[in-house]
Amino acid sequence: LKSCAFAWAAMVSVRAASVCFLFAVASIPGGNGQSPCWEADVEYTGTEISTRSNVKYSGACQNFCLSDTACQVYTWKSDLTCVLFSNTTGTAPLADAHSGPGACEIEVDGSGTTNPSKFFWQVMEIMRARSTKDFRLTYRAVGSGTGQKEFSQVADGDYSAALSDFGSGDIPMSSTHYNQILANGRRMVHVPFSLGAIGIFHSVLGAEVGSQGLKLSPCILARIFSGQITQWDHADIKADNPDLDVPAGTKIQVGHRRLGSSSTGGTTGYLETKCNASWTHVSTGAPMGSGSIITWPDLDNFHEVEGSPGMKALIAYTAYAIGYLDAGHGHQRAFSEVKLLNEDGTWLTSSEAIEVEDADGNNGIAAAGKAGVDSGSIPSDTTADWSSVNLYSKAGPNTWPIVLVSYIYLSKDWTMMTPGKAGILKAFVDFVTGSEGQDLLADYSFNKIPTAMNSWSNTWADVIDKPGIVTDFTFENSTDPWDGQHSDVISVKRNSYSMWKL
């Protein structure tokens, strides 16, 4: 390497067993109006880093030596985040580094479905409150479709890498994205972590509906969401709802999501499965199809909304509206819910399905999961194409007909992750799929994943390609003197005031 005489400034602070370095170039030979050219803080647990003069300035990588014989490689990304490697070929991450002056902080960022977002945020806050380590976990609730895009691609159409560290959706990765990931030499895994219901909610006044509730069969629902039935007093709606008494000609105000959504995927998948003949465009007669994004009718009673908040607002503030939501969102707002007809001929709402247990102790959501496992429709290979997996219309007297599996999407290859980042991401998935995380799901109207589908421990042990070193974050669930105070322990005995108040 060409020798360059750079002037360096270094700030050093000690945190437990870690040494934090802040390096900044104070000047660059030749000027070019660039000073300083970059800065970064580096967390390294091991041999002391010493700056050397054999630094190649390229904007792509900088070299430092831990000793006279062992050189390390910094690989730079466009956002000035760097990774310290344990050899000169840049294949084995050794330490964590992040852009900007200040603290040595490990960051893990995800995006995806809005449905379990509050659950994710609670888990992230719990982990942060229980740790002495400097790390930050973030989750951006943008819908399953956007989450799949940002996990499968680093930019629109560029499948060479992922933009996010993990994605999440209440639908499996689409076959299109999955195949593009493979075509670009990458592999991914699905980590199922919960079951949830999609409910159909409405804003027809209770006095107008009657004491029996609003009943809509799959084919009637298909004709409403395809624009073939546009009025609440339609004869075919009245046939199942003789007590329905609305003003003559009252329009049905239909809400649908604008961007890719697992709720859209679940609802349209159910309608396509159950009533394909009626699930056609009112204007062309063409199939409506299914998926997180479809083409909706262009009618004056159809309303495009953004995200679950937009759907909730439509149902809350628009008279005679109907829309689909993750059941938990609808239950939290105490919306009126449509009764659907399940495979056993039972009319019920998702809240009723959640409350009633069968002989095996499964409620109507868990029963759908068990049926999926028993039928062998859940792949055993977490790296396989899961795009055809669904839990629609499973048998059982109280089984809900629109049940979704929620997933975390992860890259199979973690070898380029730093030890801390790999450790924190693993700890997050450990928490979500572990007993404490699974117990929290009920607070958000989600169900635990069936034991037969909770495959994360095997995926971590046998599938994930790990970096040479992974920080082993452990969980202290009862007082463990001395060991519980270590920096890599996430302790139930440590908390924040805000989390305690919850």
Side-chain angles (χ1 to χ4, degrees), residues 115 143-145 170-172 174 196-202 214-232 234 236-237 239-241 252-299 301-305 308 311 314-315 321-327 330 337-350 353 364-365 368 372 387-395 399-405:
N115 295 341
S144 294
D170 306 303
I171 48 177
S174 73
I198 298 299
I200 311 298
F201 296 90
H202 69 88
L214 181 62
K215 301 175 181 178
L216 296 176
S217 68
C219 289
I220 295 298
L221 204 60
R223 291 164 66 193
I224 290 172
F225 278 102
S226 64
Q228 298 173 50
I229 293 178
T230 60
Q231 297 179 349
W232 278 113
H234 190 284
D236 291 344
I237 295 179
D240 285 325
N241 299 275
I252 303 173
Q253 305 301 326
V254 180
H256 64 85
R257 294 279 288 270
R258 180 175 72 87
L259 300 173
S261 158
S262 55
S263 302
T264 301
T267 303
T268 60
Y270 164 70
L271 296 177
E272 183 178 53
T273 300
K274 291 301 298 176
C275 204
N276 190 51
S278 296
W279 187 229
T280 57
H281 276 278
V282 64
S283 56
T284 66
M288 290 282 289
S290 62
S292 61
I293 299 178
I294 67 167
T295 301
W296 295 94
D298 184 16
L299 300 175
N301 66 312
F302 273 64
H303 306 273
E304 184 179 79
V305 302
S308 297
M311 188 68 79
L314 177 82
I315 296 169
I322 190 170
Y324 50 85
L325 272 171
D326 160 63
E337 187 174 1
V338 172
K339 290 191 173 187
L340 301 185
L341 188 65
N342 73 6
E343 285 300 284
D344 282 28
T346 305
W347 289 100
L348 77 171
T349 64
S350 64
I365 313 304
S387 60
S388 63
V389 174
N390 71 71
L391 297 178
Y392 307 142
S393 300
K394 298 300 182 183
T399 302
W400 184 244
I402 316 178
V403 174
L404 302 183
V405 182

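- Using a 4.5 Å heavy-atom threshold, the side chains of Leu404 and Tyr392 count as touching.
- Side-chain contact between Leu299 and Val282: present, with at least one pair of heavy atoms (C-beta onward) separated by less than 4.5 Å.
- Gln228 contributes no side-chain N or O that, together with a main-chain N or O of Ala222, makes up a donor-acceptor pair within less than 3.5 Å.
- Proximity of a side-chain donor or acceptor of Trp400 to a complementary backbone N or O of Ile198 within less than 3.5 Å is detected.
- With no hydrogens or angles considered, no side-chain donor-acceptor pair links Thr399 and Glu343 at under 3.5 Å.
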Checklist entry - Please walk me through it: do Ile315 and Leu325 pass side chain to side chain contact (heavy atoms under 4.5 Å, CB included)? => result CA-CA 10 Å; Ile315 296 169; Leu325 272 171; 4.0 Å; yes
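- For the atom pair NE2 (His202) and CD (Glu337), the distance works out to 8.5 Å, reported to the nearest 0.5 Å.
- Looking at every heavy atom in both residues, Ser350 comes nearest to Ala327 through OG-CB, 3.5 Å.
- Looking only at side-chain heavy atoms (C-beta outward), Asp236 and Arg223 come within less than 4.5 Å of each other.
- Between the side chain of Asp240 and the backbone N or O of Leu216, no donor-acceptor pair lies under 3.5 Å.
- Tyr324 OH to Ser263 OG: the interatomic distance, rounded to the nearest 0.5 Å, is 7.0 Å.
- Contact of the Trp232 side chain with the Ile322 side chain is registered, since non-hydrogen atoms from C-beta on lie closer than 4.5 Å.
- Here the closest non-hydrogen pair linking Ala197 and Ile365 is CB-CD1, 3.6 Å.
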Q.
As a quick check of understanding, evaluate side chain to side chain contact (heavy atoms under 4.5 Å, CB included) for Asp326 and Asp170, giving each step before the final call.
A. CA-CA 10 Å; Asp326 160 63; Asp170 306 303; over 6 Å; no
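- The shortest non-hydrogen separation linking Ile402 to Gly266 is CG2-O, 3.6 Å.
- In this structure, CG in Asn301 is found 6.0 Å from CD in Gln253, a value given to the nearest 0.5 Å.
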Worked verdict on His256 versus Phe302 for side chain to side chain contact (heavy atoms under 4.5 Å, CB included)
CA-CA 7 Å; His256 64 85; Phe302 273 64; 3.9 Å; yes
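- Proximity of a side-chain donor or acceptor of His281 to a complementary backbone N or O of Ser283 within less than 3.5 Å is not detected.
- Ser278 contributes atom OG, which lies 13.0 Å from atom CD of Glu272 (distance to the nearest 0.5 angstrom).
- Checked options Thr349, Leu348, Leu214; the residue passing with Lys339 is Thr349 (criterion: side-chain contact (heavy atoms from CB on, under 4.5 Å)).
- Among Leu271, Thr230, Ile237, the one residue that satisfies the side-chain contact (heavy atoms from CB on, under 4.5 Å) test with Ile224 is Ile237.
- Within the 4.5 Å cutoff, the side chain of Asn115 has heavy atoms near those of the Ser308 side chain.
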* Asked: Can you list the steps and then say if Thr264 with Ile293 is a side chain to side chain contact (heavy atoms under 4.5 Å, CB included)?
  -> CA-CA 7 Å; Thr264 301; Ile293 299 178; over 6 Å; no
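- Although no hydrogens or angles enter the test, the distance criterion places a donor-acceptor pair under 3.5 Å between the side chain of Trp279 and the main chain of Gly289.
- Here the closest heavy-atom approach between residue Thr268 and residue Gly291 is recorded as OG1-N, 3.1 Å.
- When every heavy atom of Ala368 is checked against every heavy atom of Leu391, the shortest pair comes out as O-CD2, 3.6 Å.
- The two residues Gly145 and Ser292 have their closest heavy-atom pair at CA-OG, 4.5 Å.
- Between the side chains of Ser393 and Tyr270, no donor-acceptor pair is found at a separation under 3.5 Å.
- Interatomic distance, SG of Cys275 versus CE of Met288, reported as 12.5 Å (0.5 Å rounding).
- Note: Thr346 OG1 to Leu340 CG = 12.0 Å, rounded to the nearest 0.5 Å.
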